[in-house]
> 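Take this structure first; my questions come after.
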Amino acid sequence: MSIKYRKPKGTRDLMLLEMERWQWCESKWREVLARFGYGEIRTPSFESTSLFTRSVGSGTDIVDKEMYTFESKGGESFSLRPEATASVVRAYLENGLTRQPGTVKFYYMGPMFRYDRPQAGRYRQFHQVGVEAIGSSSPVLDAEVVRCATSLFEAVGADDLTVQVNSIGCENCRPSYVDDLRSWAQGKKDEFCDTCVSRVESNPLRLFDCKNEGCQKLLADFKPISEALCDDCKDHHTQFCDTLDALSVRYENDDSLVRGLDYYTRTTFEISAGSGLRQSALCGGGRYDYLIGQCGGPTTPAVGFSAGVERIVRHLYNQEYDHQRSRQSIVDVFVVCMNRQAQQFALQHADKLRSVCRVEIDTTDRGVKAQMKAAVSRESSVVLIVGDDEINNNQFQMKNMETGQQLPVSNEDLIAAVQEVLAK
RNA sequence: GUGGAUGUAGCUCAGUCGGCAGAGCCCCUGGUUGUGGUCCAGGUGGUCGUGGGUUCAAGUCCCAUCAUCCACCCCA
């Protein structure tokens, strides 16, 4: 068969058994997020390009080479969202929530878009579940956000996780550290790898991201950022860690944890799967105390995270595709029809059953035997059979699939009779 | 952007030295006028990813191209 259309590279069709898994996860997560006091927010899938370039930061891979950017007919530049934090911040400001008392807590679930080369656990359209807690600078909130993330994983049975935390300082202490790092690294350009050399100018902190052993050995000579933090940042990080301890969240400090987005301040964290998977990062987040101010709002502290749904599901089931024939949805009542007249009779009279249970009316024109097999595979408890005899007598044959018992049931008694069987 | 592997039925895959396109599962029909996961018999379904080349002959060899997967990179 030659198929005319194919899905765009790096996208997926989500259905059948896998869709059921997603829905199960999503319902668990909504429950947890509500218990942490988060309300859902749904923002547009695309925004003004400048929102992302200014917040995520030019110089990051995400905005430099991974955005789906297009021009509207009015000549304005838009981009599909590569992440959600910028959109949430924009919505927070645009809807006047700055005057909302207390901490504003939003969660989101939805598709994000990045023009990457697809790979295991990496897609061009992927899904994130995440939170943003806006309005508090307390390190206790940082810890609560991390705890919320681990609760999300626990809720769906994901264990074997590693939580890494770090602090990358604030505008008082980070700039001088970055300057020191840059001038130190400039003197050793010959010894770093090519990508590191370009980072020395654009974003020196990212040097710590490099997996090249030679680069890491060089960096070992330079003081880690934890030793360069100002007193306020040190206190913040200490209280953050103390609170995690009090919550019994297991974590490790990692000086090299520098995230790929520009807007983070102080706390950054990442949660990854312990198994040998390549794309092991399941969740990343941190504090961003200047972003809202940069977007034109009042200086407002905030913290959040976002987790990759595809990666979590893969971690849970250790596979992302079901090659087994996936089942169709389960029904309570399956109606076997002998012919087209019977189909019409069935829809007309069994329709009322749909107010109390799940009903499938078979309109495939295949034989009774095949329809009965379909009833079994749909796990129906009751089969109704309609042919010319039943139409003439205004009734259905009702078969209890568990006991095999079958009797005629008049239209008037149908709901009661079906419910009696389903109740058992 | 760079490198590697793989493309044969709806799905999972065989296909030898170049010689008629295959199996299992699924699906449909019958065995049972209108009744089940088992059993038996039969059947539908293929541009062998696509385009060229070599050859009497190409799923098989060569070239190109596309797609998918994997890795680098980056991240979720």
Side-chain angles (χ1 to χ4, degrees), chain A residues 1-3 5-12 16 56 60-66 82-85 109-130 149 193-196 198-199 203 206 209-212 257-261 270-273 277-285 305-315 320-327 334-339 342 362 364-381 383-390 397-406:
Chain A
M1 188 163 74
S2 79
I3 297 166
Y5 299 107
R6 305 191 143 274
K7 64 180 180 291
K9 185 195 284 277
T11 63
R12 307 231 293 115
L16 302 167
V56 178
T60 63
D61 284 359
I62 290 177
V63 312
D64 283 356
K65 46 186 198 188
E66 293 176 6
E83 57 106 44
T85 302
M109 291 173 43
M112 308 295 159
F113 307 85
R114 290 182 199 174
Y115 190 82
D116 261 13
R117 193 78 179 263
Q119 203 185 313
R122 199 173 75 189
Y123 302 95
R124 288 183 172 180
Q125 175 172 344
F126 61 102
H127 295 77
Q128 289 187 329
V129 52
C193 70
D194 290 348
T195 49
C196 280
S198 64
R199 282 172 178 166
N203 197 341
R206 297 287 304 285
D209 264 352
C210 188
K211 277 134 197 140
N212 188 309
L257 181 62
V258 181
R259 302 196 46 75
L261 293 81
E270 197 167 294
I271 300 175
S272 43
L277 289 174
R278 245 32 209 130
Q279 312 294 331
S280 61
L282 301 180
C283 171
F305 70 78
S306 116
V309 178
E310 284 83 355
R311 290 186 185 180
I312 295 170
V313 171
R314 182 177 64 149
H315 182 249
E320 28 209 315
Y321 299 105
D322 284 304
H323 292 299
Q324 308 287 328
R325 169 162 282 266
S326 303
R327 69 157 179 266
F334 193 96
V335 187
V336 171
C337 303
M338 306 306 307
N339 52 46
D362 196 311
T364 58
D365 302 323
R366 45 190 172 163
V368 175
K369 184 171 180 171
Q371 293 187 57
M372 288 299 293
K373 283 174 77 170
V376 170
S377 76
R378 300 290 288 275
E379 297 181 33
S380 55
S381 312
V383 167
L384 298 176
I385 299 154
V386 195
D388 292 337
D389 294 348
E390 286 72 28
Q397 290 291 327
M398 185 183 81
K399 180 160 188 168
N400 180 326
M401 293 299 277
E402 198 181 334
T403 64
Q405 272 184 342
Q406 181 176 323

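Residue numbers start from 1 in every chain, and the chains themselves are labelled A, B, ... in the order their sequence lines are given, proteins ahead of strands. The analysis underlying the following values was restricted to heavy atoms, covering all of them including side chains, and did not include hydrogens, waters or symmetry mates.
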> What integer distance in Å separates A:K7:NZ from B:U68:P?
7 Å
> Closer to the 5' end of RNA chain B via nearest nucleotide, is it A:G284 or A:R117?
A:R117
> Within the structure shown, what part of the strands sits under 4.0 Å from A:E390 by heavy-atom distance: base, sugar-phosphate, or nothing?
base
> In whole angstrom, what separates A:N339's CG from B:U33's C1'?
14 Å
> Taking CG from A:D64 and P from B:G1, how many angstroms apart are they, rounded to a whole number?
15 Å
> Can you check side-chain contact (heavy atoms from CB on, under 4.5 Å) on A:V336 and A:M372, steps first, answer last?
CA-CA 7 Å; A:V336 171; A:M372 288 299 293; 4.1 Å; yes
> Let me know the distance between CZ of A:R124 and P of B:A76, rounded to the nearest Å.
18 Å
> Checking the side chain of A:E402 only, and the main-chain atoms of A:S381 only, is there a donor and an acceptor separated by less than 3.5 Å?
no
> Rounded off to whole Å, could you give me the OH-to-C1' distance for the A:Y115 and B:C73 pair?
15 Å
> In whole angstrom, give me the gap between the P atoms of B:G3 and B:U8.
25 Å
> My understanding is that a pair needs two contacts under 3.5 Å, Watson-Crick or G-U wobble. By that rule, which nucleotide pairs with B:G1?
B:C72
> Ignoring the backbone of A:Q119, work out which of B:A76, B:C72, B:G36 is nearest its side chain.
B:C72
> Could you check whether the side chain of A:Q406 and the base of B:U35 have a donor-acceptor pair of N or O atoms closer than 3.5 Å, going by distance alone?
yes
> Which one is paired to B:G37, where only Watson-Crick or G-U wobble pairs with both distances under 3.5 angstrom count?
none
> Which part of the nucleic acid, if any, lies within contact of A:M401, taking any heavy atom under 4.0 Å across all strands shown: a base, the sugar-phosphate backbone alone, or nothing?
base
> Which whole number of Å gives the distance between the C1' atom of B:A5 and that of B:G10?
25 Å
> Please assess A:R12 against A:Q125 for the test side-chain contact (heavy atoms from CB on, under 4.5 Å), listing each intermediate value before the final yes or no.
CA-CA 8 Å; A:R12 307 231 293 115; A:Q125 175 172 344; over 6 Å; no
> Evaluate the side-chain proximity of A:E83 to A:V56: yes if any heavy-atom separation is below 4.5 Å, no if none is.
yes
> If pairing requires Watson-Crick or G-U wobble contacts with both distances under 3.5 Å, which nucleotide is the partner of B:C27?
B:G43
> Of the listed nucleotides (B:C75, B:U35, B:C72), which one gets closest to any side-chain atom of A:A281?
B:C75
> For B:G7, which nucleotide is its Watson-Crick or G-U wobble mate, given both distances must be under 3.5 Å?
B:C66
> Please classify the nucleic acid contact of A:G404 as base, sugar-phosphate, or nothing, using heavy-atom distances under 4.0 Å.
base
> Taking pairing as Watson-Crick or G-U wobble with both contacts under 3.5 Å, can you name the mate of B:C48, or confirm there isn't one?
none
> Quick one: on RNA chain B, does A:D365 or A:P8 contact a more 5' nucleotide (nearest heavy atom)?
A:D365
> Return the pairing partner of B:G59 with a 3.5 Å limit on both distances, Watson-Crick or G-U wobble; otherwise return none.
none
> Tell me: CD1 of A:I62 to P of B:C74, nearest whole Å?
12 Å
> What is the separation between atom CD on A:E379 and atom P on B:G36, rounded to the nearest whole Å?
18 Å
> Judged by atom type as modelled, is there a donor-acceptor pair below 3.5 Å linking the side chain of A:R122 to the main-chain atoms of A:R117?
yes
> Check this one for me: any side-chain N or O of A:K9 less than 4.0 Å away from OP1 or OP2 of B:U68?
yes
> Is it true that a side-chain atom of A:R114 and a backbone atom of A:I62 form a donor plus acceptor pair closer than 3.5 Å?
no
> Between B:A67, B:G34, B:G30, spot the one nearest the side chain of A:K369, thanks.
B:G30
> Side chain of A:D389: nearest nucleotide among B:G36, B:G34, B:C75?
B:G34
> In whole angstrom, give the distance that lies between atom CD of A:E66 and atom C1' of B:A76.
11 Å
> Check every atom of B:C73, B:C27, B:U35 against the side chain of A:R122 and return the nucleotide holding the closest atom.
B:C73
> Quick one: is A:R366 getting a side-chain N or O under 4.0 Å of the B:C28 phosphate, OP1 or OP2?
yes
> Using the P atom as the point on both nucleotides, what is the distance between B:C25 and B:U33, in whole Å?
26 Å
> Look at A:Q128 and B:A76 and indicate whether a side-chain polar atom (N or O) is within less than 4.0 Å of OP1 or OP2.
no
> Looking at A:Q397, does any N or O in its side chain come under 4.0 Å of the phosphate oxygens OP1/OP2 on B:U35?
no
> In whole Å, what separates the C1' atom of B:A67 from that of B:U29?
37 Å
> Would you check if the side chain of A:R124 reaches a backbone N or O of A:F113 as a donor-acceptor pair within less than 3.5 Å?
no
